[in-house]
Amino acid sequence: MKTEIYNAKTQKENGTNLGGRLIRAGGLVAFPTETVYGLGANGLDGEAVNKIFDAKGRPSDNPLILHIAKKSDVKPLWRHVPDDARRLMDAFWPGPLTLIYLKSDIVPNEVTAGLDTVAVRMPENKTALALIRAAGVPIAAPSANLSGKPSPTTAEHVIEDMDGRIDMIIDGGPCRVGVESTVLSLVGTPTILRPGGITKEMIETVLGSVQVARAVLNPLQEGEVAESPGMKHRHYAPDCQVIVAQGSPRHAASIINREYELAEIEGKSCIIFATEQTKGYYRGRKYVIIGDRDMPSTLCAALFNALREESGKVDLILAEGIPAEDQGLAYMNRLLRASGFTVLNK
Ligand code: AMP
Ligand code: MG
């Protein structure tokens, strides 16, 4: 299959109009959002949605998010719109917050992987919104990467994984947030199933307290049922080992330096994921500065690109853990999964 590549800046409506037509015709179109690139299909057409799972190699038990272009478009997708959802939509849509509630009959089982709930969000990206409007249907979209790989934050990443497998890629430049949306279930006690750009602290200003699913920062235990099917699958893994060093910046750096030396003795090549605050600890070693520890959003924005850059080039990535607060919770969720929960604190 030939994959058309369009530029969102120079080919604006031409790109989104063609994309909309392709989606209505049952095709697959990758598009930019403020979080990561999505791989979209007609969310009301089960057959089209199945093609997403094929193109990504995604396990069919992992449900998708429906993307809409205006708040009222959620109405036909849910049984009704609960008050909590209304208040959250007013506060955070368009934006990186996905809400899960009981699905209506028009939502195909292919989207929800057979669950009776459906995840919906309104992205904050002009190209994404124009594409959804042009398609005239909700767009079902997971991240536009091969299943298991780090999510794509540039069109180049999407091309790497999807060229020849999908109909079209719309290039909208790098994504602002860089990690996938926050996923909040509103069935029962509001629970964050996946942290993202809209933080627990921000949601609590609207709802009071919310829970965070245990699996956000912990590996699933044997026999434990995942609240979100996505939590049981290996995620964000580069083609090399990743170790996370926990503790104060100085303590984490001393662990990293020790592991670096040990790995070098074993003949392994390493890179350190450093921060502005800690780069001084790593003089003479190979490191990249991911961002600023005091602004975890900068770390989120850079993580997936850094994982892709180093994947296959080095044997070992040594990364600092940061406090799991505010956007740090999303960062640690992705980093821990990329490491397969390989953590050192001594
Ligand atoms: P992705 O589309 O790759 O961003 O992943 C969507 C995430 O939302 C995955 O972790 C899914 O497991 C989760 N998700 C989507 N729909 C539901 C749902 N109805 N119930 C629980 N989790 C969901
Ligand atoms: Mg994904």
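When a ligand or atom number is given, it counts from 1 through the structure's own listing order. Basis for what follows: all heavy atoms, side chains included, without hydrogens, waters or symmetry-related copies.
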Could you tell me whether the side chain of Ile317 reaches within less than 4.5 Å of the side chain of Cys270, counting heavy atoms only? no

Ser185 vs Thr117 side-chain heavy atoms within contact, under 4.5 Å: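 Ser185 does not reach Thr117 side chain to side chain.
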
For Lys103, state whether at least one heavy atom is located under 4.0 Å from any atom of ligand 1. no

Examine ligand 1 and decide if any of its atoms is less than 4.0 Å from a heavy atom belonging to Thr112.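 Not so, Thr112 does not reach ligand 1.
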
Applying the 4.5 Å side-chain criterion to the ILVMFWY set and letting contacts propagate, would Leu207 and Met202 be lumped into a single cluster? yes

Shared hydrophobic cluster, Leu115 / Leu66 (ILVMFWY, side-chain heavy atoms < 4.5 Å): no

If you draw a 6.0 Å radius around CD in Glu47, do more than 12 non-hydrogen atoms from other residues or ligands fall strictly inside?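 Count not over threshold, so no.
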
Please compare [options] and report which has the shortest non-hydrogen distance to [atom].
{"atom": "atom 11 (C) of ligand 1", "options": "Leu66, Thr191, Asn62", "value": "Asn62"}
{"atom": "atom 16 (N) of ligand 1", "options": "Ala140, Pro63, Ala144, Ser147", "value": "Pro63"}
{"atom": "atom 19 (N) of ligand 1", "options": "Thr98, Ile52, Ile65, Thr117", "value": "Thr117"}

For [X], the ligand 1 atoms whose distance to one of its heavy atoms is below 4.0 Å:
{"X": "Arg194", "result": "1 (P), 4 (O), 5 (O), 6 (C), 7 (C)"}
{"X": "Leu193", "result": "21 (C), 22 (N)"}
{"X": "Ser143", "result": "3 (O)"}
{"X": "Ala119", "result": "15 (C), 16 (N)"}
{"X": "Leu115", "result": "18 (C), 19 (N), 20 (N)"}

Could you give the side-chain donor-acceptor pairs of residues 323-333 under 3.5 Å, partners two or more places apart or in another chain?
from, atom 1, to, atom 2, distance (Å)
Gln327, NE2, Gly197, O, 3.3
Asn333, ND2, Val216, O, 2.7

Do any side-chain atoms of residues 126-144 form donor-acceptor pairs under 3.5 angstrom with protein atoms, and if so which ones, sequence neighbours left out?
from, atom 1, to, atom 2, distance (Å)
Ser143, OG, Lys56, NZ, 3.4
Ser143, OG, Asn145, OD1, 2.6

Check Leu39 against Ile52 and note the closest heavy-atom contact, atom names and distance. O-CD1, 3.6 Å

With a 3.5 Å distance limit and no angle check, can you tell me whether Thr3 reaches the backbone of Asp167 through a side-chain donor-acceptor pair?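 Checking the backbone N and O of Asp167 against the side chain of Thr3, no donor-acceptor pair under 3.5 Å is found.
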
Spell out the protein N/O/S atoms under 2.8 Å from the Mg ion (ligand 2) as residue plus atom name. Ser143 OG

Would you call the rings of Tyr287 and Tyr282 parallel, tilted or perpendicular if under 30° counts as parallel and over 60° as perpendicular? tilted

Show me the donor-acceptor pairs, under 3.5 Å and distance only, between side chains in residues 301-312 and residues at least two apart or in other chains.
from, atom 1, to, atom 2, distance (Å)
Asn305, OD1, His157, NE2, 2.9
Arg308, NE, Pro150, O, 3.3
Arg308, NH1, Glu160, OE1, 2.9
Arg308, NH1, Asp161, OD1, 3.2
Arg308, NH2, Pro150, O, 2.7
Arg308, NH2, Asp161, OD2, 2.9
Ser311, OG, Asp239, N, 2.8

Test of understanding: given a 4.0 Å heavy-atom threshold, classify the contact between Lys56 and ligand 1 as side chain, backbone, both, or neither. neither

